Amino acid sequence: MSELHPVLTGEKVILARLRREDIPELARRFANLELTTYLGAYGGAFSLQDEEAYFESIAKSSAEGVTFGIYERESGSLIGGTDLRSIHHRHGTAELGISIHNPEYWGAVTAAKPLDCWWNTACFSWGCITSS
């Protein structure tokens, strides 16, 4: 298994670029109709080929969006994904998506964990908020 290269590290999760080796895990998770129903696919399942195409699309640099895997910090297991999309640089806005793919973590890891990573980086590292 290749090493994770964290972009953001929180108390319990790491946000890092998805790895090619994550594709089979993504395909397995996105074949779960319970998950895809809540992601707007309304019960559609995705194949290994679908996930390979998805990986290729997010692996390319884009000024309009960025996607990261959510990995459990302790084990390094892929448990979900998060992305910023529809980034509007001029207005400083974007849409944020967070999904916990692994049902074992539903209810155990809230969206707040990866959101904490985003918030801490955006607000403290980039100087949006200063401490007094």
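For reference, positions follow the sequence shown, starting with 1. Predicted, not measured: the structure shown is a model, and the values here were computed from it.
The CZ atom of Phe68 lies 12.5 Å from the CD1 atom of Ile98; values are rounded to the nearest 0.5 Å. Here Arg20 contributes atom CZ and Glu52 contributes atom CD; the two are 8.0 Å apart, rounded to the nearest 0.5 Å. Taking CG from Leu96 and CD1 from Ile87, the interatomic distance works out to 10.5 Å, rounded to the nearest 0.5 Å. Note: Ile23 CD1 to Asp50 CG = 11.5 Å, rounded to the nearest 0.5 Å. Expressed to the nearest 0.5 Å, how far CG of Leu78 lies from CZ of Arg19 amounts to 7.5 Å. Rounded to the nearest 0.5 Å, atoms CG (Leu18) and CD1 (Ile70) are 9.5 Å apart.
Residues that satisfy the side chain to side chain contact (heavy atoms under 4.5 Å, CB included) test with Pro24, not counting sequence neighbours, are absent from this structure. With sequence neighbours left out, Ser77 forms a side chain to side chain donor-acceptor pair (under 3.5 Å) with Ser75.
At least one side-chain heavy atom of Val13 sits less than 4.5 Å from a side-chain heavy atom of Ile79. In this structure the side chain of Leu15 never reaches within 4.5 angstrom of the side chain of Thr9, judged on heavy atoms. Side-chain atoms of Asp22 and Tyr71, non-hydrogen and from C-beta on, do get closer than 4.5 Å to each other.
Screening residues 89-107 for salt bridge (Lys or Arg N to Asp or Glu O under 4.0 Å) gives Arg85-Glu95 as the qualifying pairs, with residues at least two apart or on separate chains.
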Q: May I have the step-by-step check of side chain to side chain contact (heavy atoms under 4.5 Å, CB included) for Glu72 and Ile14, ending in yes or no?
A: CA-CA 6 Å; Glu72 182 185 46; Ile14 293 170; over 6 Å; no
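Side chain of Arg73 to backbone of Gly10: a donor-acceptor contact under 3.5 angstrom is found. Here the side chain of Thr67 pairs no donor or acceptor atom with the backbone of Asp83 at under 3.5 angstrom.
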